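Here is the structure we will look at.
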Amino acid sequence: MTSLLNRFPFFHKFLKQSVDMISVPKRDIIRPRLRHPQWLPRPERSRYPETITESNKQFLDEVVKDKLHFSKTSPLKIDTIEPVAEWRRGMKRTGLIAKKIGIYPLWLKNGKKVLATLLQIVDNEVVKYIPPHKFYPQIGAAKPLVQIKRRLGCLIVGAENINPQLITKEYSGIFNVTGVTPKRILRRFMISPQAALQPGTPLCAAHFRPGEVVDIRGKTVDRGFQGVMKRWGFKGMPASHGVTKTHRRPGNIGSGGTKARVMPGTKMPGHMGNRWRVLRGVKILRINTKYNVLWVMANNVPGETNNYCYIFDTILPLRRLKTAPSFPTYLPTIDEQPLPEELYSEDVHSFTDPTIEFKEES
């Protein structure tokens, strides 16, 4: 091989170009960022064993409610706001933060049994809205103004009320400005400026309707360090004669020869799970307005039980909203009758309906 390269110098150049074509550029490799697992506890204020009586504890709770203005009743709960503009195709409204609480079966009207995941909307409220001109600030005074006609704003939504005495001063400052009860979970949604909501607006499960299609974003289950058979589904080596201690190993990774290195993106053992994943095109089958629970037709929602996830309108072009939804959200009025406790999709069999019977055609 050495004598061949000495006699034909151009062959060495051709060989180097072929190897470069096989290798994958670094900019095309998507390396997931390592994140803390979901079970890792967050730092909290140190609690001291304060020996106080029950009456004194009730008195302190009353003082906290009077002093902290975010615990007062928001005027939005008395005078609801009206939508700024009518819904048009292409507009983006806010989503919800839901807790995955389990899997439950449902039956369709054609007799088919489907598995649905229950997602509960827990204390969702609007915390803050950032308009496009503040969310996308101008960089440099010498540059011309950027066109922000089609840019989106940012709506911060919180879920699950927490005790204000157990959070830090910096974290409570987020809620002191807007007058909202402190939340455990904060998420942001990119919305159109016409779908902006004032801080303190409550969000419930009636934001969606049965039959609509949504996307669900959540963190997968943290599996820790796993081998190639569990992580990538490898078959493994034979478990019969002649195989010695290589039953669950990956085998040859094909890195010999001129390359002599491990190619980027090779499937190898490593950390599995704890990554953000999006499940698209999920249909809503049933809604409980009393407990704010959604039944979605999917049993593979990312995350384990009691984990939080995003729910927002789907971006799939063929399954987007074609009729006007509750825009910018469901806002009950005084004259409107309250919604029924159970809302079903058109193809879902309600438990209160008669039993489905299929008769043979004679």
Side-chain angles (χ1 to χ4, degrees), residues 70-85 87 91-101 117-131 152-162 174-175 177-218 282 284 286-296 301 306-314 321 324-334 336 338-343:
F70 52 63
S71 62
K72 299 180 181 179
T73 304
S74 174
L76 295 173
K77 298 180 180 179
I78 302 173
D79 301 328
T80 57
I81 62 175
E82 298 295 334
V84 179
W87 179 83
M91 286 186 176
K92 296 187 66 175
R93 59 174 182 163
T94 181
L96 300 178
I97 304 173
K99 178 190 286 188
K100 180 179 176 181
I101 59 177
T117 302
L118 278 69
L119 303 174
Q120 187 177 16
I121 313 300
V122 184
D123 303 331
N124 278 23
E125 285 184 355
V126 178
V127 177
K128 187 179 180 182
Y129 172 68
I130 306 175
L152 303 177
C154 177
L155 193 73
I156 301 177
V157 180
E160 190 178 347
N161 298 334
I162 57 176
I174 302 174
F175 308 96
V177 178
T178 58
V180 182
T181 307
K183 305 291 181 180
R184 185 182 301 276
I185 305 296
L186 290 179
R187 297 287 185 267
R188 66 181 187 180
F189 297 92
M190 307 306 296
I191 63 171
S192 302
Q194 295 83 359
L197 295 171
Q198 297 182 14
T201 306
L203 303 175
C204 58
H207 178 78
F208 297 105
R209 296 174 183 173
E212 293 182 352
V213 181
V214 296
D215 294 344
I216 303 175
R217 181 174 184 262
V282 182
I284 299 176
R286 177 182 171 187
I287 296 178
N288 184 282
T289 58
K290 181 179 179 180
Y291 298 101
N292 286 330
V293 179
L294 302 174
W295 277 259
V296 296
V301 175
N306 295 328
N307 277 14
Y308 283 91
C309 58
Y310 296 100
I311 306 178
F312 49 91
D313 296 327
T314 183
L321 293 172
S326 300
F327 188 84
T329 184
Y330 174 73
L331 300 172
T333 57
I334 300 176
E336 184 182 0
L339 294 174
E341 183 177 346
E342 296 290 344
L343 300 175

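The first residue of the sequence shown is numbered 1, and numbering continues consecutively from there. These numbers were taken from a predicted model, which means no experiment stands behind them.
Around the CZ atom of R188, the shell of radius 6.0 Å holds no more than 12 heavy atoms that belong to other residues, nucleotides or ligands.
When all heavy atoms are compared, the tightest approach of K100 to T117 is CG-CG2, 4.0 Å. Closest approach of C309 to I216, counting heavy atoms only: SG-CG2, 3.8 Å. Between C204 and N292 the shortest heavy-atom distance is CB-OD1, 3.6 Å. Counting all heavy atoms, side chain and backbone alike, I311 lies closest to A98 at CD1-CB, 3.5 Å. In this structure, V127 and P199 approach most closely via the heavy-atom pair O-CB, 3.5 Å. Between R209 and A324, the closest heavy-atom pair is NH1-O, 3.1 Å.
Atoms CD1 and OG1, on I156 and T178 in that order, are 9.0 Å from each other to the nearest 0.5 Å. Between atom CG of residue L343 and atom CG of residue L294 there is a gap of 10.5 Å, rounded to the nearest 0.5 Å. For the atom pair CZ of F327 and NZ of K92, the computed distance is 12.0 Å after rounding to the nearest 0.5 Å. Taken from OH in Y330 to OG1 in T201, the straight-line distance is 14.5 Å, to the nearest 0.5 Å. Separating the CH2 atom in W295 from the CG atom in L118 is a distance of 5.0 Å, to the nearest 0.5 Å. Taken from CZ in F208 to CG in L119, the straight-line distance is 10.0 Å, to the nearest 0.5 Å.
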Task: Intermediate values then yes/no, side-chain hydrogen bond (donor to acceptor under 3.5 Å, both in side chains), S326 and H207 - done: CA-CA 6 Å; S326 300; H207 178 78; over 6 Å; no

Open item on the list: Is there a side chain to side chain contact (heavy atoms under 4.5 Å, CB included) between R184 and Y308? Walk through the geometry before answering.
Closed with: CA-CA 11 Å; R184 185 182 301 276; Y308 283 91; 5.5 Å; no

- [ ] Applying side chain to side chain contact (heavy atoms under 4.5 Å, CB included), run through V282 and V301 and close with a yes or a no.
- [x] CA-CA 9 Å; V282 182; V301 175; 5.9 Å; no

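Looking at heavy atoms from C-beta onward, E212 lies in side-chain contact with L321 at the 4.5 angstrom threshold. At least one side-chain heavy atom of V296 sits under 4.5 Å from a side-chain heavy atom of I284. I162 has its side chain out of reach of K183: every pair of non-hydrogen atoms, C-beta onward, lies at least 4.5 Å apart. Between L186 and F175 there is a side-chain heavy-atom pair separated by less than 4.5 Å. Contact of the V157 side chain with the L96 side chain is not registered, since no non-hydrogen atoms from C-beta on lie closer than 4.5 Å.
Among residues two or more places apart in sequence or in another chain, the ring pair (Phe, Tyr, Trp, His ring centres under 6.0 Å) test is passed with Y129 by none. Take Q120 and apply the side-chain hydrogen bond (donor to acceptor under 3.5 Å, both in side chains) test, not counting sequence neighbours, and it matches no residue.
The main-chain N or O of P340 is found under 3.5 Å from a side-chain atom of T289 such that the two form a donor-acceptor pair. The closest donor-acceptor contact from the side chain of N124 to the backbone of I97 lies under 3.5 Å.
D313 has a carboxylate O that lies under 4.0 Å from a charged side-chain N of R93, or vice versa, which qualifies the two as a salt bridge.
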